[in-house]
Protein chains: 2
Amino acid sequence: MPTPIRLLLIDDHAVMRAGLANMLNANTDFKVVAGADDAATGLALYRQHKPDVTLLDVSMPGMSGIECLRALRAEYPTAYVLMLSSSDAEEDIVQALAAGACGYVSKSARPAELTAAIHDAQAGKRVVSAAIESRIAEHASSSTLTSREIEVLHLLRKGMNNPDIGHLLGITRRTAKAHVAAILQKLDAADRTEAVARAFERGLLKV
Amino acid sequence: MPTPIRLLLIDDHAVMRAGLANMLNANTDFKVVAGADDAATGLALYRQHKPDVTLLDVSMPGMSGIECLRALRAEYPTAYVLMLSSSDAEEDIVQALAAGACGYVSKSARPAELTAAIHDAQAGKRVVSAAIESRIAEHASSSTLTSREIEVLHLLRKGMNNPDIGHLLGITRRTAKAHVAAILQKLDAADRTEAVARAFERGLLKV
DNA sequence: CGGACCATTGGCCAGGTGGCCAATACGTCC
DNA sequence: GGACGTATTGGCCACCTGGCCAATGGTCCG
């Protein structure tokens with residue numbers, strides 16, 4: 001392998017970044033050219049180095065991995081980005097793939113799985129960890145919330161009741177109630193409390 | 001440094017484990033003698049290798065890091081265990097330190113911070129990341145739920161109402177209501193829905 | 001252009017919610 | 001032994017909840 005694949009690492013966990021860099025640099029197929037601990041720095045380093053493949057953590061404080069991915073792909077539509085995740089929340093996976101990620105690898109994956117994924121990513125293939133594929137299947141069979149419903153969901157999380165939600169959104173309590181009813185049905189929840197819990201499980205709401 | 005500090009790594013993220021091992025073995029102060037991807041294996045490897053210091057991830061599928069810590073300390077009360085965390089949820093930190101962890105290091109910490117923490121741990125000092133200390137302060141000022149309240153909290157998460165909770169726990173709906181009222185007050189929540197959301201934020205409930 | 005989906009709103013109603021008052025009983029800690 | 005925290009229970013009440021019925025416009029797609 002004469003020319004190694006040039007990599008950019010974006011992950012807020014410095015320990016993970018250092019570890020990944022050590023591991024990948026030990027393999028002559030790869031060369032980590034830069035590492036960032038937040039999305040903004042990551043974008044800047046991408047412009048500077050134009051890596052072959054970018055490894056991007058999904059969950060980061062500030063601009064999330066997904067947002068970073070969108071920003072990156074908006075500027076460089078052909079960028080090869082492989083998402084790394086610890087959470088495996090379905091929502092993130094679907095959104096990442098929709099936003100043009102080349103693949104989605106769990107941090108629980110074996111190192112060999114990661115290196116294979118990087119090779120595939122550079123070759124333009126789409127790769128998803130086996131453990132993650134099943135999650136996508138689940139998600140496909142469940143419903144998607146509309147943007148209005150997501151908006152209401154965030155207010156439910158804050159403990160708001162229907163009248164207050166209606167007032168805040170400039171609609172009647174009856175409409176707010178209709179949105180809540182739709183959320184309950186789509187998330188298969190008995191009440192708004194379970195709806196919020198399930199939203200956390202699916203990654204619709206984040207800690 | 002003639003005799004390196006012998007380390008055991010327990011983390012379900014293989015990538016993180018491999019990375020950590022690479023990084024730490026590059027430093028002659030340390031020698032990673034074993035790595036496990038779940039708590040049970042970790043315990044077995046501890047018995048086998050008796051490492052000087054154990055690095056233990058807080059969140060793992062199956063037996064959690066906290067439970068693993070308790071089991072380990074029950075068997076080897078003098079074990080030096082350093083917790084590694086990605087979530088930084090307050091609850092985990094407090095519980096880990098209460099269960100006898102030597103320290104609690106965020107995965108966002110710089111590598112130097114980690115190596116320093118390992119040295120301190122082996123010296124019997126207690127170390128906590130700066131970023132994590134502030135969280136403990138927050139927690140100290142807030143209230144602790146009783147075990148009964150935690151039990152009720154888990155039922156709220158499932159969308160149960162007071163009569164059903166009472167029935168399940170063998171108490172009246174009035175008592176269930178009293179527990180819920182206590183939860184709301186302690187978590188500073190307007191209703192049970194916000195209580196569940198705040199519980200996720202604090203690490204009392206997990207995805 | 002008609003169908004599909006969405007956001008919006010209305011009435012009605014049995015049942016649950018959360019806050020207020022107060023009381024008993026059982027442990028532990030000083 | 002007494003104070004304290006916890007678990008337990010009661011009544012009362014204004015308010016909110018979620019499910020049922022049905023209807024109106026808007027947009028987007030084939």
Side-chain angles (χ1 to χ4, degrees), chain A residues 91 94-95 98 139-202 204-205, chain B residues 91 94-95 98 139-202 204-205:
Chain A
E91 194 61 22
V94 177
Q95 297 225 340
H139 193 276
S141 65
S142 68
S143 347
T144 313
L145 298 196
T146 67
S147 59
R148 193 57 151 175
E149 284 156 6
I150 299 260
E151 199 174 358
V152 172
L153 180 60
H154 281 276
L155 300 179
L156 291 182
R157 174 206 183 136
K158 292 189 191 164
M160 295 183 70
N161 57 29
N162 293 334
D164 289 346
I165 290 173
H167 188 257
L168 189 72
L169 297 182
I171 56 182
T172 63
R173 65 198 63 191
R174 300 279 27 251
T175 307
K177 181 186 275 202
H179 289 311
V180 172
I183 293 171
L184 298 188
Q185 197 235 316
K186 289 185 180 180
L187 294 186
D188 189 29
D191 59 26
R192 53 184 64 207
T193 304
E194 188 180 7
V196 164
R198 298 191 84 105
F200 272 105
E201 292 165 11
R202 293 201 186 186
L204 288 166
L205 290 177
Chain B
E91 194 61 22
V94 177
Q95 296 224 340
H139 192 275
S141 65
S142 69
S143 350
T144 312
L145 298 195
T146 68
S147 60
R148 193 59 152 173
E149 285 155 6
I150 300 258
E151 200 173 356
V152 172
L153 181 60
H154 281 275
L155 300 179
L156 291 184
R157 175 208 181 132
K158 292 188 192 163
M160 296 183 69
N161 58 28
N162 293 334
D164 290 346
I165 291 173
H167 189 257
L168 189 73
L169 296 181
I171 56 182
T172 64
R173 65 196 66 188
R174 300 286 17 254
T175 307
K177 182 185 275 202
H179 289 311
V180 172
I183 292 171
L184 298 188
Q185 197 233 317
K186 289 185 179 180
L187 294 186
D188 189 30
D191 59 27
R192 55 185 62 209
T193 304
E194 187 180 7
V196 164
R198 298 191 82 103
F200 272 105
E201 292 166 11
R202 293 200 185 188
L204 289 166
L205 291 177

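Only this structure's heavy atoms are used, side chains among them; waters, hydrogens and symmetry mates stay out. In what follows, every chain begins at residue 1, and chains take the letters A, B, ... in the order their sequences are listed.
- Side-chain atoms of B/Met160 and B/His167, non-hydrogen and from C-beta on, never get closer than 4.5 Å to each other.
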Are A/Leu145 and A/Val152 close enough, and set up right, to give a side-chain contact (heavy atoms from CB on, under 4.5 Å), and what steps lead you there?
CA-CA 10 Å; A/Leu145 298 196; A/Val152 172; over 6 Å; no

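- B/Leu156 CG to A/Glu194 CD: the interatomic distance, rounded to the nearest 0.5 Å, is 11.0 Å.
- A/Arg148 is linked by a salt bridge (Lys or Arg N to Asp or Glu O under 4.0 Å) to A/Glu151, counting only residues two or more places apart in sequence or in another chain.
- In terms of heavy atoms, A/Gly159 sits closest to B/Asp191 at O-OD2, 3.0 Å.
- Between the B/Arg198 side chain and the B/Leu184 main chain, no donor and acceptor come within less than 3.5 Å of each other.
- Screening A/Ile183, A/Thr144, A/Ile150 against A/Leu204 for a side chain to side chain contact (heavy atoms under 4.5 Å, CB included) leaves a single residue, A/Ile150.
- Sorted by residue number, the list of members of residues 189-201 of chain A with any non-hydrogen atom under 4.0 Å from DNA chain C is empty.
- Extent of DNA chain D lying under 4.0 Å from chain B heavy atoms, first and last nucleotide in 5' to 3' order, is D/dT6 to D/dG11.
- With B/Arg192 contributing its side chain and A/Arg192 its backbone, the two residues share no donor-acceptor pair below 3.5 Å.
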Protein N or O to nucleotides 25-30 of chain C N or O, pairs below 3.5 Å:
none

So if I define the base as every atom that isn't primed, P, OP1 or OP2, how would nucleotides 4-9 of chain C read as a B/S/- string at a heavy-atom cutoff under 4.0 Å?
--SSSB

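- More than 12 heavy atoms of other residues, nucleotides or ligands shown are found within 6.0 angstrom of NE2 on B/His154.
- Counting heavy atoms from C-beta on, the side chains of A/Ile165 and A/His179 never come closer than 4.5 Å.
- Sorted by first and then second residue, the salt bridge (Lys or Arg N to Asp or Glu O under 4.0 Å) pairs involving residues 164-175 of chain B (not counting sequence neighbours) form an empty list.
- Looking at heavy atoms from C-beta onward, B/Leu169 lies in side-chain contact with B/Leu155 at the 4.5 angstrom threshold.
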